[in-house]
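Here's the structure we're looking at; comments come further down.
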Amino acid sequence: MNVDPILLLFASIFTSNVVLTNFLGMCSYISISKDLVSASGLGMAVTFVMTITTALNWFVYHHIIVPLNIEYLRFIIFIIVIASVVQILEMLIDRVSPALYMSLGIFLPLITVNCAILGVTLFMQIRNYNFIQSLVYGLGGGLGWWLAIVSLAAIRKKIDNNPVPPGLKGTALTMVTIGIMAMAFMGFAGMIRVQ
Amino acid sequence: MMNDLTKIAKRNILLENQILVATLGICSTLAVTNNLFNTVIMSVGVILTTGLSNFTVSLLKDFMSRKSRMTLETLIIASYVIILDLFLKAYLPDASKTLGPYVGLIITNCIIMGRAEAFAQSNGPLLSLWDGLTAGAGYMLVLVVIALVREFLGFGSLLGVRIMPEGFTPWTIMVMAPSAFFLLGAFLWMFNAFLMKAGEKK
């Protein structure tokens with residue numbers, strides 16, 4: 001797989017957005033997008049963790065899992081790496097900057113079970129990216145997730161005050177909104193395409 | 001006992017269907033709903049994983065401390081997913097290739113963790129097994145309906161068998177991601193409207 005890292009960055013933010021085209025991280029995407037401030041906080045935390053874990057998992061995969069020939073254990077190893085990174089980050093941020101902890105720290109435990117993080121790691125491994133590509137893909141995936149959740153939170157805020165049929169209110173309407181957003185993001189697909 | 005079992009099944013499949021009521025766990029599986037066969041494989045995988053991990057968590061619940069509980073549950077789930085992945089690789093290599101990373105993503109499917117936390121922690125092993133299996137079945141029900149519509153309109157076929165005549169123009173949108181969101185939205189709308197109507201009658 002040979003893709004220009006800059007292309008890959010834009011592709012992972014827009015055309016192959018992890019939420020809107022791969023359905024990753026849907027649970028927290030829907031439940032946290034009610035409020036713009038917490039949506040942005042979670043988005044920032046996801047970007048941060050995704051970049052670090054994707055790079056770290058690339059290292060673990062190519063320098064520990066492959067040489068030892070324990071590929072069948074990769075799911076468990078990836079999930080352990082993610083969980084420990086989140087745990088360490090939580091402690092670090094708490095020590096270094098209490099202000100950042102207040103805005104970011106409360107979301108960190110949620111992130112271990114966010115499928116987008118594990119998903120990006122698995123895509124990175126299956127598509128056989130090199131180190132730079134993995135780093136950029138993790139960063140782009142996180143930024144794309146952040147962009148998607150902030151836009152959804154902003155749209156939901158506007159929609160909430162409008163009269164809609166009672167059955168459609170809530171999650172159903174959010175699903176339709178996400179569908180329209182996904183179509184809008186697909187509009188970029190003509191420019192760059194990375195599979 | 002029998003009464004309990006039907007009650008749990010009814011609750012998990014209809015009244016408190018995890019997708020329709022809690023919108024849990026759509027991450028990993030929605031992505032493969034443009035093909036009915038893959039959807040069925042993934043859903044069966046989720047059913048088995050939910051059931052078995054619920055069973056195991058319930059068996060071990062007295063040995064888990066509060067702090068390490070979530071980590072241990074994740075490890076239990078991951079072990080079952082590894083078994084599932086190896087099984088698919090051995091017996092259904094083609095499907096395993098198309099499903100790619102999505103099989104591994106069953107680990108982070110929120111339904112499984114949700115059932116382990118909400119049910120298996122406070123109930124016996126066999127009851128938990130049944131709860132997990134039915135919660136998975138409720139999940140399968142919704143996804144299979146979505147996959148039926150998407151494959152039928154997107155390719156004009158069902159389970160790979162061509163159904164529509166030659167002149168049929170496939171709906172390209174049904175193959176792509178947005179249609180899954182629209183269909184799930186419509187499904188939720190119908191379900192909510194149905195619940196409201198049932199509530200009015202009472």
Side-chain angles (χ1 to χ4, degrees), chain A residues 16-31 72-80 82-84 87 109 112-127 164-186 189, chain B residues 19-33 70-71 73-75 77-86 89 97 100-114 173 176-197:
Chain A
S16 344
N17 189 295
V18 277
V19 204
L20 299 173
T21 60
N22 291 328
F23 309 97
L24 298 178
M26 287 297 292
C27 301
S28 38
Y29 185 61
I30 290 173
S31 54
Y72 62 95
L73 281 179
R74 66 184 189 281
F75 295 151
I76 283 196
I77 296 174
F78 287 155
I79 219 66
I80 291 174
I82 293 171
S84 14
Q87 194 85 56
T112 321
V113 286
N114 186 323
C115 17
I117 310 275
L118 182 65
V120 164
T121 290
L122 290 176
F123 275 120
M124 171 275 288
Q125 177 242 316
I126 281 183
R127 293 177 189 166
V164 287
L168 187 63
K169 224 176 170 70
T171 326
L173 188 59
T174 311
M175 277 326 239
V176 176
T177 315
I178 301 175
I180 296 173
M181 271 176 64
M183 285 179 76
F185 272 68
M186 261 170 49
Chain B
I19 295 189
L20 297 176
V21 175
T23 352
L24 279 184
I26 42 185
C27 332
S28 54
T29 318
L30 209 52
V32 296
T33 49
M70 296 280 260
T71 321
E73 281 169 7
T74 315
L75 288 182
I77 297 168
S79 327
Y80 283 116
V81 173
I82 288 179
I83 297 173
L84 176 72
D85 186 48
L86 292 176
K89 269 204 184 112
K97 210 163 262 168
Y102 291 108
V103 177
L105 284 171
I106 295 179
I107 299 174
T108 44
N109 189 317
C110 334
I111 287 185
I112 304 179
M113 185 68 108
I173 183 79
M176 312 229 235
S179 68
F181 291 117
F182 289 136
L183 286 174
L184 187 55
F187 206 123
L188 279 169
W189 187 2
M190 284 193 283
F191 180 73
N192 284 339
F194 172 76
L195 276 192
M196 274 171 198
K197 221 168 214 163

To the closest 0.5 Å, what do you measure between CG (A:L122) and CD1 (B:I107)? 7.5 Å

Shortest non-hydrogen contact between B:W189 and A:A172, atoms and distance: N-CB, 3.9 Å

Measuring from B:L188:CG to A:T174:OG1, what's the distance to the nearest 0.5 Å? 9.0 Å

Assert top hit (heavy-atom pairs under 4.5 Å, partner chain A, pool B:A186, B:P178, B:S179) equals B:P178

Less than 4.5 Å apart, any side-chain heavy atom of A:Y72 and any of B:K89? no

Okay, A:I180 and chain B: the region with an atom under 4.5 Å from a heavy atom over there is both

Mind checking the CD1-CG spacing from A:I80 to B:L75? Nearest 0.5 Å is all I need. 5.5 Å

Contact part of A:L168 toward chain B, heavy-atom cut-off under 4.5 Å: side chain, backbone, both or neither? both

Top of B:N192, B:L183, B:I82 for chain A proximity - count of heavy-atom pairs under 4.5 angstrom: B:I82

Tell me whether the rings of B:F181 and A:F23 are parallel (<30°), tilted (30 to 60°) or perpendicular (>60°). tilted

Between A:I30 and chain B, with a heavy-atom cut-off of 4.5 Å, which part of the residue counts as in contact: side chain, backbone, both or neither? side chain

Side-chain heavy atoms of A:R74 within contact of B:D85, under 4.5 Å: yes

Roughly how far apart are A:I79 CD1 and B:T71 OG1, rounded to 0.5 Å? 10.5 Å

Which atoms form the tightest heavy-atom contact between B:P101 and A:F123, and what is the distance? CG-CE2, 3.5 Å

Do A:I76 and B:S79 come within less than 4.5 Å of each other through their side chains, counting heavy atoms only? yes

For B:M113, is it the side chain, the backbone, both or neither that has a heavy atom under 4.5 Å from a heavy atom of chain A? side chain

Return the CZ to CD1 distance between B:F182 and A:I178, rounded to the nearest 0.5 Å. 10.5 Å

Within this structure, what is the CZ-OG1 distance for the pair A:F78 and B:T108, rounded to the nearest 0.5 Å? 13.0 Å

